[in-house]
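In what follows, a structure is listed as structure tokens, so that the remarks can point back to it.
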Protein chains: 2
Amino acid sequence: MAMSSKDPIDIWLRAEQGSAGRKPEHSRASIVQAAVKIADDQGIEAVSIRKVAAAIGAGAASLYRYVKSHDELIELMLDEISGEYVLDPANGAEGEAPQRALLDLARQGRQIMRRHLWSAPLFLSQPSMGPNSLAYLDFALSILQETSLESSAKLRTAAMLTAVTSAFVQNELPLHPGANHSPVDASARAAYMAQVLPTDAYPALAAVMAEELAPVNLDMEFEKIIGTYLQGAGLSERK
Amino acid sequence: MAMSSKDPIDIWLRAEQGSAGRKPEHSRASIVQAAVKIADDQGIEAVSIRKVAAAIGAGAASLYRYVKSHDELIELMLDEISGEYVLDPANGAEGEAPQRALLDLARQGRQIMRRHLWSAPLFLSQPSMGPNSLAYLDFALSILQETSLESSAKLRTAAMLTAVTSAFVQNELPLHPGANHSPVDASARAAYMAQVLPTDAYPALAAVMAEELAPVNLDMEFEKIIGTYLQGAGLSERK
DNA sequence: TCTAATTGCGAACACTGTTCGCAATTAACG
DNA sequence: CGTTAATTGCGAACAGTGTTCGCAATTAGA
């Protein structure tokens, strides 16, 4: 009441607006979905207010009736795809080892980030607080409930789990044929490497590159990395 | 020779330009340093071509004589601060355990990212190829040389090491007093949490938040996280 | 001295996020 | 039923962005 400015974070509280007035022609959900589709197809940088507005057949300024800012739109997008997690309570069952349940969560996260390539870096920098993100966090914490970790350690373990997943996805992408969102394309990088390596300025790097890179099984690597990370996190001891 | 367009990635090859002509009033190094300073003070979003140009007393368009694009400037910034690593050969000595040497590297990385807060997310998304970045990579690989890992595993271990470090720094920042680069400020988030938690929609989260969060020793957590990650990476076996 | 190459940079273009003001629409109230 | 108040849609405008172009200024070598 006494606050001079409206609450800055009504993002997740703001209801879909009350009774009187012209009825809205769009919805926040459809806008976010359109934005996600654009990001999937053309990269995150293509997600501009004007393009999203055009995608749903609206004027640019109209979007601000549903979304407060561009940053908020991106936060909504992140929460949207966080809804793709399948939080099956069977995975959190008491019988299950926490490791397995968390590994499953990480697997899902990897798939989600691969479906939405733009999201991998963002999951790192943006600690989202939307309902889907909170549901995910809550689920991960419920799994960790069975361990003897301190609550702060639980929180960080959950956060680091998605962080490591995001890092892995980020690193596995260049090895794949897919799209090329790098500032400079990969072929140029390769040519550059070939030109700079013989300088024997980077002997260890040259040695590694010299070996024929056996086609890596990324799935197995992922399992191993997450598995060993969880093992190291000290979940083994039951409460 | 037959290439129609100039090589796209002369970023690191382009010499500081030959003999004849007006002598440059600036240098790529000074530009990058100015950009880093701006990012340190005002955040990465404040690093615009015009602001950097103004900082060194130049016209906006002049920057393009030293830097090909905004993206390239940021890549140069990343390589610049990668030069802050102290790659002491003593750490890579054969007697040292690889784990210790890599842990030291991660410690340095953490400090660098804390000095340049904007860099933590970027280290994730941008696989830089500048001389300093390559020197760092080469050093890490030379440490891993003593292990029995496959070369692809070596590469990914090195990449994941900085990735995990970046993730940790990203997660430890909100716990610190420092600057606030989040889309919405932390106090608002806290208020929101307080309002949404009693909904008992997130019981595990509520349970964790209820416990008094003992002031965490971030340094110790870092050591543990990196240590256990390296332990799981399978470095233990000597070659 | 002339020539060729290089830098500096104002001006412009195509974008971007965001705000403002106003017309159009709708629900509720008297 | 008419009036009022609230809400949406959105064209226009503003400030800021990355980038390109053309030209003047400067410099080294022929």
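Note that the structure is predicted; figures quoted are calculated from it, not measured. Numbered from 1 within each chain, the chains take letters A, B, ... in sequence-line order.
Regarding A/Q42, its CD atom lies at a distance of 15 Å from the C1' atom of C/dC15, rounded to whole Å. In this structure, the NE2 atom of A/H70 is 13 Å from the C1' atom of D/dT17, given to the nearest Å. Separating the NZ atom of A/K23 from the C1' atom of D/dA6 is a distance of 17 Å, rounded to the nearest angstrom. The distance between atom OH of B/Y64 and atom C1' of C/dT7, rounded to the nearest whole Å, is 16 Å. Rounded to a whole Å, the CD1 atom of A/I44 is 11 Å from the P atom of C/dG17.
Within the 4.0 angstrom heavy-atom criterion, only backbone atoms of the sugar-phosphate kind lie near A/S48; the bases stay farther away. Contacts of A/V47 with the nucleic acid, taken as non-hydrogen atoms under 4.0 Å apart, involve only primed sugar atoms and P, OP1 or OP2. Using a 4.0 Å heavy-atom criterion, one finds that A/A58 contacts the sugar-phosphate atoms exclusively. As judged by a 4.0 angstrom heavy-atom cut-off over every strand, A/G59 is placed among residues touching the sugar-phosphate backbone only. The residue A/A53 sits apart from the nucleic acid: no heavy atom pair falls under 4.0 Å.
Taking the six-membered ring for Trp, A/Y229 and B/Y229 have ring centres at least 6.0 Å apart.
Each of A/A60 and B/R65 lies near DNA chain D, and the nucleotide nearest A/A60 is the one positioned closer to the 5' end.
Each of A/E75, A/Q33, A/R28 was scored for a side-chain contact (heavy atoms from CB on, under 4.5 Å) with A/E80, with one residue passing: A/Q33.
A salt bridge links B/R110 with B/D219: the closest approach of a Lys/Arg side-chain nitrogen to an acidic carboxylate oxygen falls below 4.0 angstrom. A salt bridge does not link B/R156 to A/E172: none of the charged side-chain nitrogens sits closer than 4.0 Å to a carboxylate oxygen.
Under 3.5 Å, the side chain of A/R22 and the base of D/dT8 form at least one donor-acceptor pair of N or O atoms.
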